[in-house]
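Notes to accompany the following structure.
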Amino acid sequence: MTVHLAAEGPYRFRIEPTGAMRVPGVVFASHELLHGADKAIEQVANVAMLPGVVDASYAMPDVHWGYGFAIGGVAATDPREGGVVSPGGVGFDISCGVRLLAADIDAAELRPVLERVMDGLDPAVPRGMGKGAVWHLPGRGELTGILTGGSRYAVEHGHGDERDLLRCEDAGAVADADPGQVGERAVQRGAQQVGSLGSGNHFLEVQRVAEVYDPAAAEAFGLRPDQVCVMIHCGSRGLGHQICTDHVRAMEKQMARHGITVPDRQLACAPVDSAEGRAYLGAMAAAANYGRANRQLLAQAARQVFRRAAGARLDLVYDVSHNLAKLEDHEVGGERRRLCVHRKGATRALPPGHPDLPPDLREVGQPVLIPGTMGTSSYVLVGVPGGRAFHSTCHGAGRVQSRHQAARGVSGRHLRDTMEAHGIAVRASSWRGLAEETPDAYKDVSAVVEASEGAGLCRKVARLTPIGVVKG
DNA sequence: ATGTTC
């Protein structure tokens with residue numbers, strides 16, 4: 001199937017509803033960013049066929065092909081109209097997200113102790129495939145606190161302070177988590193990985209504020225030029241992956257009973273108000289809490305290293321996920337409705353004045369954290385008034401080469417040497433993993449951010465560049 | 001992303 005995209009404004013394309021599509025598709029991107037994205041655009045049209053979908057099936061400028069839903073996709077359903085929730089609309093790495101911490105030192109002050117900091121982070125940040133974690137938990141009993149309490153549970157156990165929670169999406173914990181819907185295998189995998197980075201594009205970076213575009217917003221976020229920052233990008237590890245697998249399977253079995261047909265098996269779904277829908281949302285919320293606790297513990301590990309090796313303090317700027325479904329209130333067709341908003345490889349971007357923002361950010365809007373490709377820039381953005389795509393924007397660069405292609409094109413050692421020659425300290429966990437993350441394998445994150453701003457989804461606040469990379 | 005193909 002070839003889907004026709006009609007340009008309808010700067011950085012905005014439309015897919016007219018045809019066939020089984022219930023709503024149009026809206027793609028925010030430049031022509032250049034959409035090059036080679038045909039399969040992803042077809043997925044945007046497929047999502048427009050889901051029961052109860054409202055308004056439009058949206059795609060962010062970093063859209064690319066994913067499991068069922070495109071990565072960079074945003075879609076909302078109305079539970080009162082049979083609206084569904086689909087695990088493919090969240091992704092395998094439930095609650096994958098970014099946490100940014102700002103240091104009380106500048107890049108010039110860090111430089112003399114950088115190697116000491118990096119040598120401290122190297123053993124303090126568990127990463128790579130499989131085991132190794134800040135906390136080791138025997139099983140379900142010990143894990144339940146994390147699944148229900150998220151970052152709050154970690155803080156209550158001495159790993160952080162109250163202010164950290166104010167600067168987390170949902171104040172650090174989603175309320176409606178249901179650990180009872182998390183299967184035994186997910187628990188077994190998750191219990192061994194609390195406080196670990198994982199692999200692939202996940203990282204912990206020491207960064208410098210290279211450019212400030214919006215001084216007022218930067219100041220409100222606690223950022224200034226040349227300041228040192230720490231960015232953590234990770235998710236819910238094997239726990240979230242297993243939850244997705246288990247609930248996709250359960251939904252596949254029940255779809256016929258619910259009278260649901262989808263154009264792609266990977267769009268397995270269930271009504272939000274059904275046993276399967278509620279079970280998934282409860283387990284997903286538990287994984288969301290796991291992801292935040294994971295980032296909280298890694299942030300504490302980084303804080304200890306910075307205090308010891310650099311005498312520096314790290315304050316939380318914000319923590320936000322880009323793989324999540326949430327029940328949120330939105331105005332659609334002049335009516336306020338409670339919707340199930342799926343964001344997969346898309347970041348929530350609340351505008352100024354939104355009631356879910358902490359008081360000290362209410363005037364300026366929500367910080368949006370965009371992890372860059374290894375060795376390049378990362379961005380801090382802010383939500384804007386207008387509420388496009390249910391207050392959502394991009395999440396990162398997006399792959400253009402497969403892992404295999406990437407690893408064939410460059411050696412990990414060469415990549416490390418190149419970054420070190422550019423003054424970036426590197427602590428990798430595997431050469432192969434490093435090679436797979438070569439910047440050549442990704443779109444230009446700056447082009448993605450330009451398109452997101454141009455489309456009216458967000459505004460640029462600051463650009464961050466890496467000083468040190470701790471790679472999974 | 002992921003005990004990288006239950």
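Just the heavy atoms: all of them, side chains too, but no hydrogens, waters or symmetry mates, feed the values below. All values derive from a computational prediction rather than experimental measurement.
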- Query: Over how many whole Å does the gap from A:His241 atom NE2 to B:dT5 atom P extend?
  - Reply: 9 Å
Which atom pairs, donor and acceptor, lie under 3.5 Å between side-chain atoms of residues 297-304 of chain A and protein residues at least two apart or in another chain?
{"unit_1": "A:Gln300", "atom_1": "OE1", "unit_2": "A:Arg303", "atom_2": "NH1", "d": "2.5"}
{"unit_1": "A:Arg303", "atom_1": "NE", "unit_2": "A:Leu314", "atom_2": "O", "d": "2.9"}
{"unit_1": "A:Arg303", "atom_1": "NH1", "unit_2": "A:Asp164", "atom_2": "OD2", "d": "2.8"}
{"unit_1": "A:Arg303", "atom_1": "NH2", "unit_2": "A:Asp164", "atom_2": "OD1", "d": "2.9"}
{"unit_1": "A:Arg303", "atom_1": "NH2", "unit_2": "A:Leu314", "atom_2": "O", "d": "3.2"}

- Item | Side-chain N,O (A:Thr245) to OP1/OP2 (B:dT2) below 4.0 Å | no
- Task: For A:Gln193, answer base if it contacts any base atom (sugar-phosphate contacts may also be present), sugar-phosphate if it contacts only those atoms, and nothing otherwise; contact means non-hydrogen atoms under 4.0 Å.
- Result: sugar-phosphate
- Query: In this structure, which one of A:Glu328, A:His322, A:Gln366, A:His391 forms a side-chain hydrogen bond (donor to acceptor under 3.5 Å, both in side chains) with A:Arg348?
  - Reply: A:Gln366
- Note on the structure: In whole angstroms, the gap separating P of B:dT2 from CZ of A:Arg249 amounts to 18 Å
- Atom-to-atom span, CE of A:Met129 to C1' of B:dT4 - whole angstrom: 5 Å
- Note on the structure: Here the distance between atom P of B:dT2 and atom CD of A:Gln242, to the nearest Å, is 13 Å
List the atom pairs, donor and acceptor, that lie under 3.5 Å between side-chain atoms in residues 274-281 of chain A and the rest of the protein, sequence neighbours left out.
{"unit_1": "A:Ser274", "atom_1": "OG", "unit_2": "A:Pro271", "atom_2": "O", "d": "2.7"}
{"unit_1": "A:Ser274", "atom_1": "OG", "unit_2": "A:Gly277", "atom_2": "N", "d": "3.0"}
{"unit_1": "A:Glu276", "atom_1": "OE1", "unit_2": "A:His258", "atom_2": "NE2", "d": "2.7"}
{"unit_1": "A:Glu276", "atom_1": "OE2", "unit_2": "A:Arg257", "atom_2": "NH2", "d": "3.3"}

- Applying side chain to side chain contact (heavy atoms under 4.5 Å, CB included) between A:Phe13 and each of A:Val44, A:Ile41, A:Leu34, report the one that passes. A:Leu34
- Measure the distance from CZ on A:Phe92 to P on B:dT4 and round it to the nearest whole Å. 13 Å
- What residues 390-409 of chain A contributes to the DNA chain B interface at heavy-atom separation below 4.0 Å is A:Arg403
- Task: Calculate the interatomic distance between A:Arg432 atom CZ and B:dT4 atom C1'; express it in whole Å.
- Result: 10 Å
- Output every pair passing salt bridge (Lys or Arg N to Asp or Glu O under 4.0 Å) with a member in residues 135-151 of chain A, not counting sequence neighbours, ordered by first then second residue. A:Arg140-A:Glu184
- Query: NA contact type, A:Gly238, heavy-atom cut-off 4.0 Å: base, sugar-phosphate, or nothing?
  - Reply: sugar-phosphate
- Please report, rounded to the nearest Å, how far the P atom of B:dT2 is from the CZ atom of A:Arg127. 14 Å
Using atom types as modelled, flag every donor-acceptor pair under 3.5 Å from a side chain in residues 94-103 of chain A to any protein atom, sequence neighbours excluded.
{"unit_1": "A:Ser95", "atom_1": "OG", "unit_2": "A:Ala288", "atom_2": "O", "d": "3.2"}
{"unit_1": "A:Arg99", "atom_1": "NE", "unit_2": "A:Asp319", "atom_2": "OD2", "d": "2.7"}
{"unit_1": "A:Arg99", "atom_1": "NH1", "unit_2": "A:Gln296", "atom_2": "OE1", "d": "2.8"}
{"unit_1": "A:Arg99", "atom_1": "NH2", "unit_2": "A:Ser151", "atom_2": "OG", "d": "3.4"}
{"unit_1": "A:Arg99", "atom_1": "NH2", "unit_2": "A:Gln296", "atom_2": "OE1", "d": "3.2"}
{"unit_1": "A:Arg99", "atom_1": "NH2", "unit_2": "A:Asp319", "atom_2": "OD2", "d": "3.0"}

- Task: Can you tell me the distance, in whole Å, between the CD1 atom of A:Ile71 and the P atom of B:dT2?
- Result: 13 Å
- Which residues pass the salt bridge (charged side-chain N to carboxylate O under 4.0 Å, His left out) test with A:Lys326, sequence neighbours left out? A:Glu169, A:Asp170
